[in-house]
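Both backbone and side-chain heavy atoms feed into the values below; hydrogens, waters and symmetry mates do not.
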Amino acid sequence: KLTNVVEIAAERIAEEFGDQPDIAADLYSTIGRTFLNQGKLDAAEVYLSEALKTRRRLFGRDHVETARSTLHFAEYLTIKGSVDEAERLFEWLLDAVKNHFGYRSIEMANLLYEFARVKVLQGKHLDGLEMCYEELELRQSLHGDNHTTVARSLLQDGDLTAEYGD
């Protein structure tokens with residue numbers, strides 16, 4: 001079973017990669033996201049927070065790898081329902097992503113979609129809808145109107161507003 005393999009691997013990270021903390025952080029992140037996708041929030045929190053803590057220690061707060069871990073932890077918080085805490089991380093991530101990748105980037109479009117989910121879950125439907133429009137416009141400017149990511153964005157934005165919107 002995949003769950004058993006992931007749990008066994010997780011237990012061995014510190015032992016096997018204690019002298020390679022950058023690799024350990026990658027593994028913590030991957031395992032944390034796997035647990036998150038399986039709905040195992042307690043286990044996800046352990047590994048995602050360890051990845052974030054390790055990357056902050058290794059690279060500092062403003063490094064791109066730290067930003068990735070921050071995004072993964074913000075996604076965890078969103079799923080957990082701690083949307084106010086997630087919002088604070090997403091606010092910081094807006095600047096971090098803009099600094100690392102620029103505004104006109106797929107990373108920014110992805111971030112705007114995830115942040116829109118938080119806004120809608122907070123009941124800030126108009127803010128979320130504005131972010132969805134911004135995300136869609138960004139994808140259109142990057143890829144044109146007939147690209148699969150634009151079509152997917154339209155579907156996701158529609159799903160988001162239908163599920164949580166007014």
Could you list the residues that satisfy ring pair (Phe, Tyr, Trp, His ring centres under 6.0 Å) with His143, not counting sequence neighbours? His147
With hydrophobic residues grouped by side-chain heavy-atom distances under 4.5 Å, do Val64 and Leu58 end up in a single group? no
Taking the side chain as every heavy atom from C-beta outward, state whether Leu89 and Leu77 have any pair of such atoms under 4.5 Å apart. yes
Under the 3.5 angstrom rule, does the side chain of Thr70 hit a backbone N or O of Thr66 as a donor-acceptor pair? yes
Atom pair NE2/CG of His72 and Leu48 - distance to nearest 0.5 Å: 8.0 Å
On a heavy-atom basis, the closest approach of Thr54 and Ala25 is CG2-CB, 3.9 Å
So, His100 side chain and Glu65 main chain: donor-acceptor pair closer than 3.5 Å or not? no
dist Lys53:NZ -> Phe73:CZ (nearest 0.5 Å) comes out at 10.5 Å
Quick check on the hydrophobic clustering: are Ile106 and Val150 connected, directly or via other members, by side-chain heavy-atom contacts under 4.5 Å? no
Heavy-atom distance under 4.5 Å between the side chains of Tyr76 and Arg33, does that happen here? no
All side chain to side chain contact (heavy atoms under 4.5 Å, CB included) counterparts of Arg61, not counting sequence neighbours: Trp92
Kindly indicate, with the supporting measurements, whether the criterion side chain to side chain contact (heavy atoms under 4.5 Å, CB included) is fulfilled by Glu134 and Leu136. CA-CA 5 Å; Glu134 187 177 354; Leu136 177 60; over 6 Å; no
Is there a continuous path of hydrophobic side-chain contacts, each under 4.5 Å between heavy atoms, that joins Phe101 to Phe115? yes
Give me the one residue out of Leu112, Leu154, Asn110 that meets side-chain contact (heavy atoms from CB on, under 4.5 Å) with Arg139. Asn110
Can you check whether Thr30's main-chain N or O pairs, donor with acceptor, with Thr34's side chain at less than 3.5 Å? yes
Residue pair Ser105 / Leu142: nearest heavy atoms and the distance that separates them: C-CD1, 3.6 Å
In the single-linkage hydrophobic clustering (I, L, V, M, F, W, Y; side-chain heavy atoms under 4.5 Å), do Tyr47 and Leu41 co-cluster? no
Mind running side chain to side chain contact (heavy atoms under 4.5 Å, CB included) on Leu71 and Phe90 for me, showing each step along the way? CA-CA 7 Å; Leu71 174 60; Phe90 277 110; 3.7 Å; yes
Regarding Asp26 and Arg55, does a basic nitrogen lie under 4.0 Å from an acidic carboxylate oxygen? yes
Is the shortest heavy-atom distance from the side chain of Thr149 to the side chain of Arg152 under 4.5 Å? yes
Least distance between heavy atoms, Ala109 atom then Glu135 atom: O-CG, 3.2 Å
First locate atom CZ of Phe17, then atom OH of Tyr28, and finally report the distance between them rounded to the nearest 0.5 Å. 10.5 Å
Which residues pass the side-chain hydrogen bond (donor to acceptor under 3.5 Å, both in side chains) test with Arg104, not counting sequence neighbours? Ser141
Considering non-hydrogen atoms only, spot the tightest contact between Glu75 and Leu36 and give its length. C-CD2, 4.4 Å
If you look at every heavy atom in Leu121 and Thr78, which pair is closest and at what distance? CD1-CG2, 3.7 Å
Glu45 and Phe35: side chain to side chain contact (heavy atoms under 4.5 Å, CB included), yes or no, with the steps? CA-CA 9 Å; Glu45 180 181 20; Phe35 282 134; over 6 Å; no
Does Glu85 pair with Arg88 as a salt bridge, N-O distance under 4.0 Å? no
Between Val83 and Leu93, is there shared hydrophobic-cluster membership here, with clusters defined by ILVMFWY side-chain heavy atoms closer than 4.5 Å? yes
Can you measure from CG (Leu27) to CD1 (Ile13) and round to the nearest 0.5 angstrom? 5.0 Å
Heavy-atom closest pair (Ala116 atom, Gly128 atom, distance to 0.1 Å) is CB-O, 3.5 Å
Would Met131 and Lys119 count as a side chain to side chain contact (heavy atoms under 4.5 Å, CB included) if you check the C-alpha gap in whole Å, the side-chain angles of each, and the deciding distance to 0.1 Å? CA-CA 9 Å; Met131 284 187 174; Lys119 292 292 189 181; 4.1 Å; yes
Do the rings of His63 and Phe59 sit parallel, tilted or perpendicular, given the 30° and 60° boundaries? parallel
Would you say OH of Tyr133 has more than 12 non-hydrogen atoms from neighbouring residues, nucleotides or ligands within 6.0 angstrom? no
